[in-house]
Number of protein chains: 2
Amino acid sequence: MSRPPLAKEKILDAYVSMLCDDGERAATMEATAAKAGVSKGGLLYHFASKELLAQGTIEHLLTAHEEDLELMGSAPEGPASYFVRTSTSVGGDLDRYFLAVLRLAQGGHEPSVKALEYIHEGWLGMIQHEVTDKYAAEAIMLIGEGLYYQTSMPGTWSTGTFGKDLNHLLKQVERLKNGN
Amino acid sequence: MSRPPLAKEKILDAYVSMLCDDGERAATMEATAAKAGVSKGGLLYHFASKELLAQGTIEHLLTAHEEDLELMGSAPEGPASYFVRTSTSVGGDLDRYFLAVLRLAQGGHEPSVKALEYIHEGWLGMIQHEVTDKYAAEAIMLIGEGLYYQTSMPGTWSTGTFGKDLNHLLKQVERLKNGN
DNA sequence: GTCTATATCCTGATAGAC
DNA sequence: GTCTATCAGGATATAGAC
């Protein structure tokens, strides 16, 4: 646990990168091995099957999510705004692993679907704690998920539309929060 | 155009069904042919490649979308509410083809991504015509897209969460519309 | 721990009979 | 228009050398 083999981390990182950048179809074991700088056999020593590769990714995501939930709970702006704001971010550890698992889930990988449902429940619970109006909380969740939906789109879509406008969007979230 | 071969429609219908129900990976040409009750060779007479199969699906979607835009424009409740309300529906022609093309897009199929972007623009334009506040319109679009995101999830997720609660969600949309 | 070589399977596509 | 072979390519996974 304290000193995992370097190669193993490098392989998982390459796999996640390929999932995010090139889609699930491109993230084959051969391509992952090549990107990580090892051979197919070398990869299979650390991850004996493709399923174990996916499993390792999910575990990383759940760890990152646990840390994020604490940040979300203690965010000065409140959990709801924190959630929507971070829904547009790309590059962080959580975002990388989330997108990777999202790709797996969209490809029909059941364990990934379950993991995303679990994370979804964690977010919703924290937002509902802040926003007492149940339906306002759900609307805010949907806005964040709409942003994730765009992020998950291949190609140019993920980058566009928002960015500098995020502050204006957060004002809409404020309006939903303050039930008026 | 007026009398397309029955088998061709049956094949495309089987393909769309498999995309929606079992994901892009399961929608192979062999499985599609089997579901449509023809052989692989029979399928390839009507669709000479898998790409043409996807293309036919996109064309059907664009046709259904065109019809839907007219309904959206003349909806008594207004385009925004119409958009959010129909974002949860499953079973209609538009929803079936939309989900099918969404699956293709999520699999990295570029023409499908372009088609969804085009449809997205059509919806956004109509909502912005009703909701003058640009950012409120974008927030409403995101709610609808969040609903699509959930619909696109394989497994049980697509059915849950909303349904009877849709009316409450529409009240949140009303609040965003009436910029107060 | 890492590599090469190979086995097995599946998918999209072709050729040609009926 | 529809079928039965059949092929070429790619993917996961195994076996065994170093």
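Residue numbers begin at 1 in each chain, while the letters A, B, ... track the order of the sequences.
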- Identify, with sequence neighbours excluded, every residue that meets side-chain contact (heavy atoms from CB on, under 4.5 Å) alongside A:Ser87. A:Phe83, A:Leu147, A:Tyr148
- Note on the structure: Atom NE2 of B:His46 and atom C1' of C:dA13 are separated, to the nearest Å, by 17 Å
- Query: Between atom CG in B:Leu43 and atom P in C:dT11, what is the gap in whole Å?
  - Reply: 14 Å
- Message: Is the phosphate of D:dT2 approached by B:Tyr45 (side-chain N or O, under 4.0 Å from OP1 or OP2)?
- Response: no
- Task: Applying side-chain contact (heavy atoms from CB on, under 4.5 Å), name anything that partners B:Thr28, two or more places apart in sequence or on another chain.
- Result: B:Glu30, B:Ala31
- Task: Starting at atom NZ of A:Lys10, determine the distance to atom P of C:dT2, rounded to an integer number of angstrom.
- Result: 9 Å
- Message: With the threshold set at under 4.0 Å for non-hydrogen atoms, list the residues of residues 16-27 of chain A touching DNA chain D in residue-number order.
- Response: none
- How would you list, by chain and number, every residue that makes a side-chain contact (heavy atoms from CB on, under 4.5 Å) with B:Ile119, sequence neighbours excluded? B:Leu61, B:Leu62, B:His65, B:Phe98, B:Trp123
- Message: Run the salt bridge (Lys or Arg N to Asp or Glu O under 4.0 Å) test against A:Glu77 and tell me which residues pass, sequence neighbours left out.
- Response: A:Arg85
- Message: Assess whether a salt bridge exists between B:Lys171 and B:Glu174, defined as any Lys/Arg side-chain N lying under 4.0 Å from an Asp/Glu carboxylate O.
- Response: no
- Query: Taking the nucleotide of DNA chain C with the closest heavy atom to each, which residue, A:Gly37 or B:Thr28, is nearer the 5' end?
  - Reply: A:Gly37
- Message: Using a 4.0 Å heavy-atom cut-off to protein, can you give one letter per nucleotide of nucleotides 13-18 of chain D, 5' to 3': B if the base is in contact, S if only the sugar-phosphate is, - if neither?
- Response: BB----
- May I have the distance from A:Lys8 (atom NZ) to C:dT2 (atom C1'), rounded to whole angstrom? 15 Å
- Taking only residues two or more places apart in sequence or in another chain, which ones pass salt bridge (Lys or Arg N to Asp or Glu O under 4.0 Å) with A:Glu67? none
- Message: B:Asp93: which residues meet the salt bridge (Lys or Arg N to Asp or Glu O under 4.0 Å) condition with it, sequence neighbours left out?
- Response: none
- Query: Can you list the residues that meet the side-chain hydrogen bond (donor to acceptor under 3.5 Å, both in side chains) rule with B:Asp13, with sequence neighbours excluded?
  - Reply: B:Arg96
